[in-house]
Colleague: 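The structure under discussion is supplied below as structure tokens; questions concerning it will follow.
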Amino acid sequence: MAAATEQLLLPQEQPRRRRPVWGLAVAALLLVLLLAAAGPLRPRLFRTPPPAERVALTLLSGAKEKGAVCVDGTPPGYHLQRGSGDGADRWLVHLERETRLLTSVAIKHMPPCVTFFFSIKKGGGWCSTVKECSDSRLSTKGSSNFMKPIRFMGNGILGGDQLQNPDFYNWNKVYVRYCDGASFSGDAEAQAQDGTTLYFRGLRIYEAVIDELMEKGLANATQALFTGCSAGALSMMLHCDDFRARFPQEVSVKCFADAGFFLDEKDISGKRSLWSLYDRVIHLQNVRKVLPKDCLANKEPTECFFPAELIKSIRTPMFILNPSYDSWQIRNVLVPDSSAPDKSWLSCKENIRNCNSTQVEVLDGLRNKMVNDLKVVEDKEDWGMFIDSCFTHCQSLSGVSWHSPTSPRLENKTIAEAVGDWHSGRSQGAKEIDCKYQCNPTCNSLPPPRDVTAFNRVEIY
């Protein structure tokens with residue numbers, strides 16, 4: 001038996017608890033054997049993807065002089081993969097939410113030979129207190145010292161496989177690393193307990209990185225797509241119009257938000273936990289500068305940080321992808337651990353299929369809130385939506401959910417097809433909102449959220 005480990009780019013999801021590696025290996029092997037017998041799906045599910053090259057980390061030049069640094073004062077970074085063919089002058093810029101490491105274990109003496117991949121979370125969301133931000137310096141969430149080369153894996157929107165990513169496979173792709181703790185929007189400083197300075201420079205990082213990319217060819221783009229997932233999608237919304245303003249009017253510039261439509265919703269105990277988190281972030285990191293002025297004229301800054309308010313002011317064409325039963329929001333906004341200390345929701349939060357009818361009614365309330373907040377998009381002709389009823393989070397970075405035989409579908413289109421049709425103009429202003437939970441069988445074909453990653457990384461060779 002031989003084993004190997006390497007760092008890869010993965011979709012984001014919050015793990016709940018550690019599981020033994022061999023337990024996961026057995027589960028993954030069983031899944032492989034079941035899918036291998038799936039008849040006509042087998043060739044496409046197990047096709048060998050093209051090898052993904054390592055993409056080096058580029059540290060921002062002159063970062064300290066520009067004051068554009070991570071929480072610990074190190075320069076921020078990004079990964080640039082050059083495009084080819086008709087994609088050589090087209091750019092996709094993606095703002096990171098967090099990074100996960102992918103550990104591969106290759107078992108060389110099993111017929112057929114199987115490689116298992118397991119993910120380990122690094123970084124995440126927002127830091128809202130001095131202690132949280134100080135602790136972030138020990139990971140990629142607050143320091144570039146821990147950032148390494150990555151591979152654009154998963155055949156999602158960053159993948160290089162034309163069959164799995166037909167509209168964007170050969171574009172220039174940029175993955176901007178997240179190390180400020182406030183969705184690339186803060187501009188402040190604080191003192192850690194040890195006396196060192198904490199830098200909250202997300203806004204400067206965004207501006208300096210885009211400026212540097214413009215010098216490296218982004219300024220000559222004929223098409224540009226600005227994207228983000230989760231907290232990265234919120235970052236993208238905050239900067240979407242600014243990104244558009246950097247290009248001549250004749251250049252096609254659009255924005256794409258994946259799982260970033262966070263809701264100002266009370267949890268089951270009646271508390272506005274996400275509102276409280278955002279309020280702390282805004283005041284600690286001085287986020288007010290990036291918030292819409294028309295919103296600030298009538299509302300509190302914290303309310304203006306929520307996408308329901310942001311989208312009212314955004315003028316650039318945008319596509320919003322979101323599950324109406326967003327697993328991250330269910331676990332952290334609607335039913336955080338503090339709201340259900342009796343553990344009665346634990347099984348339901350792990351997998352929506354375990355929820356009883358009363359719990360599903362509560363989840364329907366979250367879905368109804370999202371649908372209502374998105375009504376403003378109906379009046380935006382050049383916008384698009386794909387709001388499925390799946391229990392998941394961040395669907396564009398996973399090949400399984402982006403474009404595969406088991407992808408979620410609305411109007412018989414995968415997410416990749418819907419986004420591609422909207423972006424290219426093949427379908428003008430496509431806006432699809434799924435019905436309630438259990439009505440869409442293509443959602444039922446997806447494994448629970450934390451298993452999607454493992455499923456997508458099983459390779460047979």
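What you see below is based on every heavy atom in this structure, not just the backbone, and it leaves out hydrogens, waters and symmetry mates. Since this is a predicted model, take the numbers as computed values, not measurements.
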Colleague: Under a plain distance cut-off of 3.5 Å, with no hydrogens placed, do S404 and T406 share a side-chain donor-acceptor pair?
Modeller: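 S404 and T406 do have a side-chain donor-acceptor pair below 3.5 Å.
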Colleague: Looking only at the side chains, is there a donor atom on one of S327 and H393 sitting less than 3.5 Å from an acceptor on the other?
Modeller: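 Judged by distance alone, the side chains do not pair up.
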Colleague: If you measure only the distance, is there a donor-acceptor pair under 3.5 Å linking the side chains of D364 and Y325?
Modeller: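 The answer is yes; a qualifying pair exists.
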Colleague: Taking the side chain from N322 and the backbone from G260, do they hold a donor-acceptor pair closer than 3.5 Å?
Modeller: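 Yes: the side chain of N322 pairs with the backbone of G260.
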Colleague: When you look at NZ of K266, are more than 12 heavy atoms from neighbouring residues, nucleotides or ligands closer to it than 6.0 Å?
Modeller: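 Not more than 12 within 6.0 Å, no.
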Colleague: Taking Q285 for the side chain and V281 for the main chain, is one N or O donor matched with an acceptor at less than 3.5 Å?
Modeller: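 No, because the side chain of Q285 does not come within donor-acceptor range (under 3.5 Å) of the backbone of V281.
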Colleague: Applying side chain to side chain contact (heavy atoms under 4.5 Å, CB included) to I205 and C179, what does each step give before you reach the verdict?
Modeller: CA-CA 9 Å; I205 291 173; C179 65; 4.1 Å; yes
Colleague: Could you tell me which residues satisfy ring pair (Phe, Tyr, Trp, His ring centres under 6.0 Å) with Y278, sequence neighbours excluded, listed by chain and number?
Modeller: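 In terms of ring pair (Phe, Tyr, Trp, His ring centres under 6.0 Å), with neighbours along the sequence ignored, Y278 is linked to W126, F305, F306.
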Colleague: Answer yes or no: is there a side-chain heavy-atom contact under 4.5 Å between V209 and L213?
Modeller: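 A side-chain contact under 4.5 Å exists here.
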Colleague: Can you run down the salt bridge (charged side-chain N to carboxylate O under 4.0 Å, His left out) pairs that involve residues 181-204, sequence neighbours left out, and say none if there aren't any?
Modeller: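 As it turns out, the salt bridge (charged side-chain N to carboxylate O under 4.0 Å, His left out) pairs with a partner in residues 181-204, which skip direct neighbours, are R137-D194, D187-R201, D187-R204, D187-K289, E189-R201.
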Colleague: With a cut-off of 6.0 Å (strictly less than), are more than 12 heavy atoms of other residues, nucleotides or ligands near CZ of R82?
Modeller: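 Counting other residues, nucleotides and ligands, CZ of R82 exceeds 12 neighbours.
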Colleague: Closer than 3.5 angstrom, by distance alone: can the side chain of E265 be matched with the main-chain N or O of K369 as a donor-acceptor pair?
Modeller: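 Side chain of E265 to backbone of K369, a donor-acceptor pair under 3.5 Å: no, none is there.
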Colleague: Evaluate the side chain to side chain contact (heavy atoms under 4.5 Å, CB included) criterion for residues C304 and R288: first the C-alpha distance (whole Å), next the side-chain angles of each, then the deciding distance (0.1 Å), finally the verdict.
Modeller: CA-CA 9 Å; C304 298; R288 189 184 181 101; over 6 Å; no
Colleague: Quick one: does any side-chain atom of D89 pair with a main-chain N or O of T222 as donor and acceptor, under 3.5 Å?
Modeller: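 Side chain of D89 to backbone of T222: no pair is present.
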Colleague: Does N286 reach the main-chain N or O of A188 with its side chain, forming a donor-acceptor pair under 3.5 Å?
Modeller: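 No.
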Colleague: A190 and V130: which non-hydrogen atoms are nearest, and at how many Å?
Modeller: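 Closest approach of A190 to V130: CB-CG2, 4.4 Å.
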Colleague: Can you tell me how far apart CG (D379) and NZ (K312) are? Round to the nearest 0.5 Å.
Modeller: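 If I round to the nearest 0.5 Å, the distance is 12.0 Å.
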Colleague: If you round to the nearest 0.5 Å, how far is CH2 of W91 from CD of Q223?
Modeller: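 It is 14.0 Å, given to the nearest 0.5 Å.
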Colleague: What verdict does the side chain to side chain contact (heavy atoms under 4.5 Å, CB included) test give for S396 and T227, after you've listed the backbone C-alpha separation in whole Å, the side-chain angles of each residue and the deciding distance to 0.1 Å?
Modeller: CA-CA 10 Å; S396 66; T227 77; over 6 Å; no
Colleague: Between T129 and E132, is there a donor-acceptor pair closer than 3.5 Å when you use the side chain of the first and the backbone of the second?
Modeller: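 A pair under 3.5 Å: yes.
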Colleague: Side chain of S139, backbone of K141: donor and acceptor closer than 3.5 Å?
Modeller: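 Yes; at least one donor-acceptor contact below 3.5 Å.
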Colleague: So, do R177 and I150 sit near enough that their side-chain heavy atoms are less than 4.5 Å apart?
Modeller: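 Yes, at least one pair of side-chain atoms sits under 4.5 Å.
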Colleague: Taking the inter-plane angle between the rings of H423 and F168 on a 0 to 90° scale, is it parallel (under 30°), tilted (30 to 60°) or perpendicular (over 60°)?
Modeller: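 If you compare the ring of H423 with that of F168, the planes turn out perpendicular.
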Colleague: How close do R97 and C229 get, heavy atom to heavy atom, and via which atoms?
Modeller: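 Shortest heavy-atom contact: CB-O, 3.0 Å.
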Colleague: I need the K271 NZ to S276 OG distance, nearest 0.5 Å.
Modeller: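 Those atoms lie 9.0 Å apart.
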Colleague: What is the distance from atom CE of M318 to atom CH2 of W383, rounded to the nearest 0.5 Å?
Modeller: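 These two atoms lie 4.5 Å from each other.
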Colleague: Quick one: pull up CD1 in I330 and OG1 in T392 and give me the separation to the nearest 0.5 Å.
Modeller: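 If I round to the nearest 0.5 Å, the distance is 10.5 Å.
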Colleague: Would you say the side chain of V253 lies within less than 4.5 Å of the side chain of F243, judging by non-hydrogen atoms?
Modeller: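 The answer is yes, as the side chains (C-beta and beyond) meet within the 4.5 Å cut-off.
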Colleague: At their closest point, which heavy atom of V333 faces which heavy atom of L263, and how far apart are they?
Modeller: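 The pair with the smallest heavy-atom distance is CG1-O, 4.0 Å.
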Colleague: For L225 and F256, which heavy atoms make the closest approach, and how far apart are they?
Modeller: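 Distance-wise, the nearest heavy atoms are CD1-CB, 4.1 Å.
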Colleague: Got a salt bridge between D211 and R246, using NZ or NE/NH1/NH2 to carboxylate O under 4.0 Å?
Modeller: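 Answer for the salt bridge query: yes.
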Colleague: Would you say the side chain of K173 lies within less than 4.5 Å of the side chain of V55, judging by non-hydrogen atoms?
Modeller: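 Heavy-atom side-chain distance check fails, nothing below 4.5 Å.
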Colleague: With side-chain hydrogen bond (donor to acceptor under 3.5 Å, both in side chains) as the criterion, how do S427 and D421 come out once you've worked through the C-alpha distance, each side chain's angles and the decisive distance to 0.1 Å?
Modeller: CA-CA 5 Å; S427 177; D421 287 352; 5.4 Å; no
Colleague: With no hydrogens and no angle check, do the side chains of S339 and D267 hold a donor and an acceptor under 3.5 Å apart?
Modeller: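 Looking only at side-chain atoms, D267 and S339 do not form any donor-acceptor pair under 3.5 Å.
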Colleague: State, with a plain yes or no, whether a side-chain heavy atom of C133 is found less than 4.5 Å away from one of L284.
Modeller: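 Touching, per the 4.5 Å side-chain cut-off.
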Colleague: Hey, does K431 have a side-chain heavy atom less than 4.5 Å from the side chain of W422?
Modeller: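 No, their side chains stay 4.5 Å or more apart.
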Colleague: Quick one: do W328 and F262 satisfy ring pair (Phe, Tyr, Trp, His ring centres under 6.0 Å)? Show the steps, please.
Modeller: CA-CA 10 Å; W328 189 90; F262 298 103; 5.5 Å; yes
Colleague: Identify the two heavy atoms, one from P441 and one from C439, that lie closest to each other, and give their separation to 0.1 Å.
Modeller: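 Nearest pair, atom of P441 first, then C439: CD-O, 3.4 Å.
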Colleague: Is there a side chain to side chain contact (heavy atoms under 4.5 Å, CB included) between F184 and H239 once you walk through the steps?
Modeller: CA-CA 9 Å; F184 294 93; H239 298 298; 4.0 Å; yes
Colleague: Only one of L310, D242, L203 clears side chain to side chain contact (heavy atoms under 4.5 Å, CB included) with V290; which?
Modeller: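 Single side chain to side chain contact (heavy atoms under 4.5 Å, CB included) partner of V290 among L310, D242, L203: L203.
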Colleague: Taking 4.0 angstrom as the limit, do K375 and E378 come out as a salt bridge?
Modeller: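 Between E378 and K375 there is no salt bridge, as every charged N stays at least 4.0 Å from the carboxylate O atoms.
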Colleague: Please examine the side chains of H403 and E417, heavy atoms only from C-beta on, and report whether any two atoms are closer than 4.5 Å.
Modeller: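 When only atoms from C-beta onward are counted, H403 and E417 do touch, with a gap below 4.5 Å.
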Colleague: Do N170 and D86 have side-chain atoms, one donor and one acceptor, less than 3.5 Å apart?
Modeller: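 Yes, a side-chain donor-acceptor pair sits under 3.5 Å.
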Colleague: Is there a donor in the side chain of D72 and an acceptor in the side chain of S143, or the other way round, less than 3.5 Å apart?
Modeller: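 Per modelled atom types, D72 and S143 side chains form a pair under 3.5 Å.
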Colleague: Got a sec: does the CD of E300 have more than 12 other heavy atoms crowding it under 6.0 Å?
Modeller: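 Atom CD in E300 is not crowded, with 12 or fewer foreign heavy atoms closer than 6.0 Å.
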Colleague: State whether the side chain of Q81 and the backbone N or O of L158 hold a donor-acceptor pair below 3.5 Å, judged by distance alone.
Modeller: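 Such a contact is absent between Q81 side chain and L158 backbone.
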Colleague: Look up atom CE in M370 and atom CD1 in I320, then write down how far apart they are to the nearest 0.5 Å.
Modeller: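 These two atoms lie 10.0 Å from each other.
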Colleague: Does the K66 side chain pair with the main chain of A208, one donor and one acceptor, at a distance under 3.5 Å?
Modeller: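 Not a single qualifying donor-acceptor pair exists.
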Colleague: Between S401 and S407, is there a donor-acceptor pair closer than 3.5 Å when you use the side chain of the first and the backbone of the second?
Modeller: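 Pair absent, no side-chain N/O of S401 close to backbone of S407.
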Colleague: Looking at every non-hydrogen atom in both residues, tell me the closest pair between P149 and H79 and how far apart they are.
Modeller: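 Closest approach of P149 to H79: CA-CE1, 4.1 Å.
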Colleague: Evaluate the side-chain proximity of V93 to I210: yes if any heavy-atom separation is below 4.5 Å, no if none is.
Modeller: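 With C-beta onward as the side chain, the pair touches.
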Colleague: Just to verify, what does D294 make a salt bridge (Lys or Arg N to Asp or Glu O under 4.0 Å) with, not counting sequence neighbours?
Modeller: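 For D294 there are no salt bridge (Lys or Arg N to Asp or Glu O under 4.0 Å) partners, ignoring immediate neighbours.
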